[in-house]
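What follows is a single structure, written as structure tokens, with notes after it.
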Amino acid sequence: MYERTIDGHMLREMLAGGLANLKANADEINDLNVFPIPDGDTGDNMVSTLSGGLRAVGDCDGGIGEVAERLSGGMVLGARGNSGVILSQMFAGIACGLSGKVYADVGALGAAFARGVEYSYASLSDPVEGTILTVMRRATEYANGRITENSTPAGYISDYLEEGGRALEDTPSLLPVLKEAGTVDSGGAGLLALMHGFADVLAGRRPAEDRGAEATERSAPDISLFTEDSGLTLGYCTEFLLRLTNNKTDISSFSIEDFRSRLSGIGNSVVAFRTGTIVKAHVHVMQPWRALEFAQRYGEFLTVKIENMNIQHSEREERRAEPSFRRRGVRKPYGVVAVACGEGMCRVFEELGADVVIDEEKYGNPSVETLVKAVEAVNAENVFLLPDNANVLMGAQEAASMCGGCKVTVIPTRDCGSGYVALTALDCGSGDDGEIAAAMDEAVEAASCGAVARAVRDADMNGVSVSAGQYIAVSGKNILLAADNKADAAAGLVRSLHGERRDFIVVFCGSGVSKEERAECRERFAAEFPSAEYYEVEGGQSTYDFIIVLQ
């Protein structure tokens with residue numbers, strides 16, 4: 001059967017094989033980092049995103065359309081980093097193309113992949129070529145152009161990989177920053193690793209018994225964590241797929257925004273979105289029957305999942321894989337969710353007014369679902385979301401679009417220094433969320449931020465020659481200089497950013513900076529920038545020796 005068509009079971013097997021190959025190559029994909037510092041996480045983010053999708057699929061034995069729909073919902077919620085969000089959108093398009101199908105031949109598969117390309121490009125306001133987008137587009141167009149009446153799924157994926165490999169090698173010629181760094185696009189490499197896993201399964205190169213265990217990455221819940229003496233304090237995590245039906249609602253006028261808002265009146269941490277006539281929803285509620293009863297007014301359930309969150313919380317505490325949030329009891333007008341790196345920086349963010357701070361050092365890039373839960377925990381009418389990392393920005397925007405019951409404004413802070421600046425400008429006194437956001441944006445625009453880190457490989461970028469082991473000063477997407485010690489790199493960074501014109505220099509010291517190095521840095525700054533007030537903060541971050549803010 002699988003020579004000509006793919007059903008739901010085979011799609012699950014292919015996805016599990018793709019995940020296995022992604023895991024095997026994650027470190028290599030992480031290392032395809034533009035900057036020669038150890039902060040690459042594309043491979044990890046893509047693994048986490050696909051893992052979230054496979055957990056949602058579980059042991060579903062439905063058709064290919066149902067498996068793809070479950071996968072898409074799980075990936076959208078579990079998406080981490082820009083590469084993860086783009087990958088989730090690709091599979092959302094694929095799910096749309098396969099909707100309602102029990103199996104798919106190569107023609108249907110090619111059409112679904114083309115829809116995946118459309119969704120991925122549409123998810124970005126300014127799509128950039130030389131990235132994962134280019135690889136998936138060229139690979140899909142080439143494979144689709146070679147489909148004949150004799151084509152097989154294995155042949156299709158082989159064609160996809162053939163052109164995808166060429167497209168990946170071409171990414172440096174399309175994106176100058178990759179050419180300077182001497183690397184290919186990491187997201188594109190991750191996509192091809194996934195597809196090589198598809199090809200392995202279609203060729204029968206992975207035993208079925210191994211695939212099934214890897215696909216779910218999840219054991220049965222430990223019911224011993226909730227005993228006869230336990231009390232339900234966290235409620236139930238309730239998820240469902242709902243098919244809107246004509247006999248229950250006017251589908252053409254159905255409003256997902258209204259549905260999401262009314263579901264927010266029943267529970268919290270609400271995520272709901274619509275694809276065609278299917279609604280995917282997630283809600284935390286003490287009485288799950290209330291959410292189900294409400295939803296069933298509009299159609300019938302395709303799938304339902306209800307889990308005791310006390311058990312989830314206990315298992316998570318053991319894994320420490322995701323942060324947990326306590327919902328604020330009293331609703332307030334304004335709230336802030338921010339991402340930061342290091343315990344010290346998180347503490348400063350809280351002191352400056354952030355209600356929830358997610359520590360990237362501890363948890364990595366937060367998933368879309370984590371950001372949604374953080375926003376819900378703030379319990380405010382208006383929430384300002386500070387991603388504080390360019391790789392979290394797309395996930396933050398996706399989370400903002402899903403949150404019901406409050407207005408979420410993403411302040412596009414692209415590093416922790418910018419997040420600090422935005423919070424110093426936080427003033428809710430005007431009572432106007434637009435003015436509050438504008439003030440933070442203006443402060444970020446007026447300030448300069450940079451960081452110092454140790455290079456892990458040789459590089460030539462932005463006219464700067466870097467040797468492994470040197471310390472590089474970076475600001476935004478640019479390497480400004482390289483030096484043999486931390487203090488020289490830090491002083492050079494501030495000099496490059498015109499520190500002599502600034503009133504304040506704030507230095508967040510990393511966990512690997514010694515007292516002697518701090519003292520040397522302090523003395524250098526006092527000598528070279530005497531007019532600026534100097535503040536030294538214990539940041540606790542590990543990748544960057546110094547995160548420096550000039551105001």
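Fair warning: this is a prediction, and the values are worked out from it, not measured in the lab.
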Worked check of side chain to side chain contact (heavy atoms under 4.5 Å, CB included) between V494 and S496: CA-CA 5 Å; V494 176; S496 297; over 6 Å; no
Modelled atom types, side-chain donor and acceptor of E180 and N462, under 3.5 Å: no
Ion pair D44/R80, N-O distance below 4.0 Å: no
By ring pair (Phe, Tyr, Trp, His ring centres under 6.0 Å) - contacts of F525 (at least two apart): F529, Y534
NZ/NE/NH1/NH2 to OD/OE distance under 4.0 Å, R115 and E118: yes
E517 (side chain) donor-acceptor with S514 (main chain) under 3.5 angstrom: yes
Test side chain to side chain donor-acceptor pair (under 3.5 Å) applied to N30 and D41, step by step: CA-CA 5 Å; N30 289 339; D41 49 15; over 6 Å; no
Closest non-hydrogen atom pair between A374 and I358, with its separation: CB-CD1, 4.2 Å
Test log, rule side chain to side chain contact (heavy atoms under 4.5 Å, CB included), inputs L497 and L480: CA-CA 9 Å; L497 298 178; L480 302 180; 4.2 Å; yes
Verdict with reasoning, Y535 to I505, per side chain to side chain contact (heavy atoms under 4.5 Å, CB included): CA-CA 6 Å; Y535 295 92; I505 300 176; over 6 Å; no
Spacing of T49 atom OG1 and L87 atom CG [to the nearest 0.5 Å]: 6.5 Å
Any donor-acceptor N or O pair under 3.5 Å, side chains S430, D432: no
Residue pair I251 / Y298, side-chain heavy-atom distance below 4.5 Å: no
Donor-acceptor pair between N45 and S48 side chains, under 3.5 angstrom: no
Note: R414-D388 ion pair, threshold 4.0 Å (strictly below): no
For the student: nearest non-hydrogen atoms of L242 and G299, plus distance: CD1-C, 3.7 Å
E361 and S542 side chains, donor-acceptor separation under 3.5 Å: yes
Side-chain (D185) to main-chain (G187) donor-acceptor, under 3.5 angstrom: yes
Derivation of the ring pair (Phe, Tyr, Trp, His ring centres under 6.0 Å) call for F259 and F254: CA-CA 8 Å; F259 183 89; F254 175 84; 5.6 Å; yes
Approximate separation, where rounding is to 0.5 Å, of L50 CG and R55 CZ: 10.0 Å
Side-chain heavy-atom pair N389, E360 within 4.5 angstrom cut-off: yes
For residues 444-454, dump all side-chain donor-acceptor pairs below 3.5 Å to protein atoms at least two apart in sequence or in another chain.
unit_1	atom_1	unit_2	atom_2	d
S448	OG	R502	NH2	2.9
R454	NE	G469	O	3.1

Distance-only polar pair, side chains of D258 and S261, donor-acceptor under 3.5 Å: no
Test salt bridge (charged side-chain N to carboxylate O under 4.0 Å, His left out) applied to E381 and K407, step by step: CA-CA 6 Å; E381 296 294 334; K407 179 180 179 181; over 6 Å; no
CE on M75 to CD1 on I94, rounded to 0.5 Å: 8.5 Å
I548 side chain reached by L493 side chain, heavy atoms, under 4.5 Å: yes
Any side-chain donor near an acceptor of the partner, Q89 and S120, under 3.5 Å: no
Residue pair V76 / E398, side-chain heavy-atom distance below 4.5 Å: yes
Test item: M394 and L124 side chains (from C-beta on) under 4.5 Å apart, heavy atoms: yes
NZ/NE/NH1/NH2 to OD/OE distance under 4.0 Å, K486 and E520: no
Distance in Å, L292 CG paired with Q287 CD, rounded so as to fall on 0.5 Å steps: 12.0 Å
E350 atom CD: more than 12 heavy-atom contacts under 6.0 Å: yes
Over all atoms of both residues, closest heavy-atom pair of L371 and P366: CD2-CG, 3.9 Å
Residues R522 and E536 bridged, charged N to O under 4.0 Å: yes
Shortest non-hydrogen separation from T42 to S83 and the atoms involved: CG2-OG, 3.5 Å
Closest approach of G130 to L175 (non-hydrogen atoms, all atoms of both residues): O-CD2, 3.8 Å
CA sep, side-chain torsions, deciding dist, call: V337, F384, side chain to side chain contact (heavy atoms under 4.5 Å, CB included): CA-CA 6 Å; V337 172; F384 302 103; over 6 Å; no
Where G419 and L386 come nearest, the two heavy atoms and their spacing: O-CD2, 3.8 Å
No-hydrogen, no-angle side-chain donor-acceptor test under 3.5 Å, E69 and S72: no
Side-chain H-bond candidate by donor/acceptor type, S418 with T413, under 3.5 Å: no
Under-4.0 Å salt bridge between E523 and R518: no
From I37 atom CD1 to Y471 atom OH, the distance as rounded to the nearest 0.5 Å: 13.0 Å
Beyond-backbone contact of D31 with V456, side-chain heavy atoms, under 4.5 angstrom: no
CA sep, side-chain torsions, deciding dist, call: R137, E129, salt bridge (charged side-chain N to carboxylate O under 4.0 Å, His left out): CA-CA 10 Å; R137 175 180 56 77; E129 296 298 336; 3.3 Å; yes
Check ion pair E369-K373 (N to O, under 4.0 angstrom): yes
Rounded distance [0.5 Å steps], CD1 in I86 versus OG in S123: 6.0 Å
Minimum side-chain heavy-atom gap L550-F504 below 4.5 Å: no
Close side-chain approach of F508 and V348, heavy atoms under 4.5 Å: yes
